[in-house]
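In what follows, a structure is listed as structure tokens, so that the remarks can point back to it.
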Amino acid sequence: MHQVLRLEELVRNISNSAEPTSQGSASLLAFACCCKSLEGPVMDALWQRQADLSTILKSLPADSWTITEDVFFLSRNLSPDEWQRFKRYTARVTALGVPNMHSLLSPASAGISTDTIQLLAMESQRGGFWPRLSQLKCDTDWSIVPFFSFLLTPTIADLDLTLPQEDNRLLQPALSLITHTCRQLQALRLDVNTYCPLSGREIGRLISASRNTLRRIDIRPLAPAEIFPAIFDLPQLRCLVLQQPRFPNQTLPKISSRLEFIYLSDKLGSNLCLFLGQLSFQECAKVSIVGSEIVQLYPLLNSLRGAATTLATLYLSPTATLERSSVILLCSFINLTSLKIRCVCAHPLTIIPCNFQPTDEDIIEIGKCLPLLQTLNLGSGCRTPRLATFASLLSLSRTCSHLRMLITRVDFVGIVGGSDQSNHLSLRASDACLPRTRSGLNTLNVGNSVLPDTPHCEWVVALALVSIFPSIKFLHFSSTMEMNVRWVQVQRDILACQRIMDITQAAAVFKTIDRFP
């Protein structure tokens, strides 16, 4: 064996680069058989990530277990030597998954009988199974909850826990056990029935137990009010994901963490802006607020003003109005690279009247004040009559050189210009209004925009779009079947226009070269 392979770090890098497939595992086993010194690092790579607990249990002696009706059973008691051999394997595991056999996300997973779980819990008291476990993803039912201790270890840093929501009797003891065992968590994701007041307080204690290390919190399907005092006291918190949060209605001490990412969804309540006003936005780069209730845009943007110089991504939905005061406030977020604002029309069952009507002046000002934009979404599913025009698209192509994706409804009736198409702006290649610098936009989503019934309309629209956005490649739309057929023709015409422009430019270059002697 080459002397370089005696470097353990190099062997670990080689082992970790193998693909997580059966062929990759077979290659690692062959590699480990080359030399005794390779066995340790290679076996670590083979065992460190286990997506299913039942897979590890199958490493027990073949005559000691059976699978009946997709449930794993231990058919006999194991000797101390057999348990020690099993623990040598589990000691290498750093990431473990316990999927739910009834879940649609893990149809191939085998369940584990209650008697087997009880035996594992008893054996874990003689010596833990997972001394190096750092990541645990557990989607389980109540059969495991009473014996949950055999899965827990103080070394866990990333905990993703989904517990059944039919019964709360065992929820508080399970959360209390996690609180006392896992005190160095860096990421916590809970999908539990937090409608129970006791569980809400216990989650608050669980968060406080990892006060100095917790960096990410994701709580669903409801974030109770009892957790917010603990959240406001996490100096390392960087990511906050809450579904249906019950924000407290009183002012809490200003949060001590430096959040970088905030995602709030479902019913947000009337205290949303009060909560956002208490956050520290010194390093916040991404905010997504996707509610099932109408978001009032101006007060929401006003509560986010602390992030005006740091925010790169802003996603707000749904909102009913885009008034002038909101546009002015929005333009203060000068470092935005992605802006998505969806109106109530995005929800097909809504009956609330929509006043989301960005004018040309609004779109032009957004483009001028936010030159770093790469993605812009302004209510492509809106059913109001106001649309973006040729002027606003032209302005965006000039002022937003980084723009790659634009999602908005467009007034193509105005762009085509009725029956007099021969004098249209899109056909005047030398017109001063056309962009002088090459726009980088490659994706345009026009939603349910309508094409006029005029001769050669598809070709004129394609030529206009290529004139404004020379790099356009993808055109998306969501109209009726008949209109979709016409939009497909526009797509083909865009490609034809680009080929013609490329040929014309190449011919112009050769013509220039021919002028020189």
Side-chain angles (χ1 to χ4, degrees), residues 47-59 70-72 86 89-125 128-194 196 199 202-203 205-207 209-210 214 216-222 241 243:
W47 285 93
Q48 64 183 354
R49 306 189 70 84
Q50 296 296 322
D52 194 337
L53 176 61
S54 62
T55 303
I56 309 176
L57 294 176
K58 292 175 184 177
S59 67
D70 292 330
V71 178
F72 184 96
F86 177 67
Y89 294 138
T90 60
R92 301 179 186 274
V93 177
T94 60
L96 176 65
V98 186
N100 190 335
M101 65 172 293
H102 303 294
S103 173
L104 296 177
L105 300 178
S106 53
S109 175
I112 305 173
S113 68
T114 304
D115 292 340
T116 301
I117 295 170
Q118 190 171 2
L119 285 173
L120 289 170
M122 291 173 59
E123 183 60 32
S124 68
Q125 295 176 2
F129 290 111
W130 328 100
R132 296 169 56 189
L133 188 64
S134 61
Q135 181 180 349
L136 175 61
K137 183 176 182 180
C138 185
D139 178 5
T140 185
D141 52 34
W142 286 118
S143 62
I144 289 184
V145 173
F147 313 106
F148 202 59
S149 58
F150 87 93
L151 291 172
L152 298 178
T153 174
T155 59
I156 293 177
D158 186 339
L159 177 62
D160 185 339
L161 179 62
T162 301
L163 290 177
Q165 301 181 15
E166 294 83 8
D167 194 344
N168 274 303
R169 291 174 296 175
L170 299 176
L171 183 56
Q172 186 187 7
L175 292 175
S176 179
L177 183 62
I178 299 172
T179 301
H180 288 89
T181 307
C182 307
R183 308 183 71 88
Q184 299 295 321
L185 292 176
Q186 296 181 19
L188 173 64
R189 184 187 184 278
L190 292 178
D191 190 342
V192 296
N193 190 350
T194 52
C196 174
S199 65
E202 195 58 54
I203 291 175
R205 297 189 189 101
L206 173 58
I207 292 172
S210 300
L214 205 53
R216 177 186 174 89
I217 291 178
D218 184 345
I219 298 180
R220 312 168 186 228
L222 181 144
V241 180
Q243 181 180 0

[X] (side chain) donor-acceptor with [Y] (main chain) under 3.5 angstrom:
{"X": "Trp130", "Y": "Arg92", "answer": "no"}
{"X": "Thr153", "Y": "Leu133", "answer": "no"}
{"X": "Ser134", "Y": "Thr94", "answer": "yes"}
{"X": "Thr181", "Y": "Leu177", "answer": "yes"}
{"X": "Ser59", "Y": "Ile56", "answer": "yes"}

Just verifying a value: how many Å separate [X] [atom1] and [Y] [atom2], rounded to the nearest 0.5 Å?
{"X": "Gln48", "Y": "Leu96", "atom1": "CD", "atom2": "CG", "result": "13.0 Å"}
{"X": "Ser124", "Y": "Leu152", "atom1": "OG", "atom2": "CG", "result": "9.5 Å"}
{"X": "Thr114", "Y": "Leu119", "atom1": "OG1", "atom2": "CG", "result": "11.0 Å"}
{"X": "Leu188", "Y": "Ile207", "atom1": "CG", "atom2": "CD1", "result": "6.5 Å"}
{"X": "Leu206", "Y": "Thr179", "atom1": "CG", "atom2": "OG1", "result": "4.0 Å"}
{"X": "Arg205", "Y": "His180", "atom1": "CZ", "atom2": "NE2", "result": "9.0 Å"}

Exercise. Any side-chain heavy atom of Val71 within less than 4.5 Å of one from Ile112?
Worked result: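 Side chain of Val71 against side chain of Ile112, heavy atoms only: no contact under 4.5 Å found.
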Exercise. Can you find a pair of side-chain heavy atoms, one from Asp218 and one from Leu190, that are under 4.5 Å apart?
Worked result: no
Search all heavy atoms of [X] against all heavy atoms of [Y] and return the closest pair with its distance.
{"X": "Ala187", "Y": "Leu214", "value": "N-CD1, 4.0 Å"}
{"X": "Ala51", "Y": "Pro99", "value": "O-CD, 3.6 Å"}
{"X": "Phe72", "Y": "Thr116", "value": "O-OG1, 3.6 Å"}
{"X": "Gln184", "Y": "Ser210", "value": "N-OG, 3.7 Å"}
{"X": "Phe129", "Y": "Thr90", "value": "O-OG1, 2.8 Å"}

For this session: Take Ile217 and Val241 through the test side-chain contact (heavy atoms from CB on, under 4.5 Å) and record every step on the way to the result.
Result: CA-CA 6 Å; Ile217 291 178; Val241 180; over 6 Å; no
For this session: Given side chain to side chain donor-acceptor pair (under 3.5 Å), test Asp52 with Ser54 step by step and report yes or no.
Result: CA-CA 5 Å; Asp52 194 337; Ser54 62; 2.8 Å; yes
Exercise. Which residue pairs pass the salt bridge (charged side-chain N to carboxylate O under 4.0 Å, His left out) test with at least one member in residues 146-160, sequence neighbours excluded?
Worked result: Asp160-Arg189
Exercise. Salt bridge or not for Lys137 and Asp139, using N-O below 4.0 Å?
Worked result: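 No, no charged N to carboxylate O under 4.0 Å.
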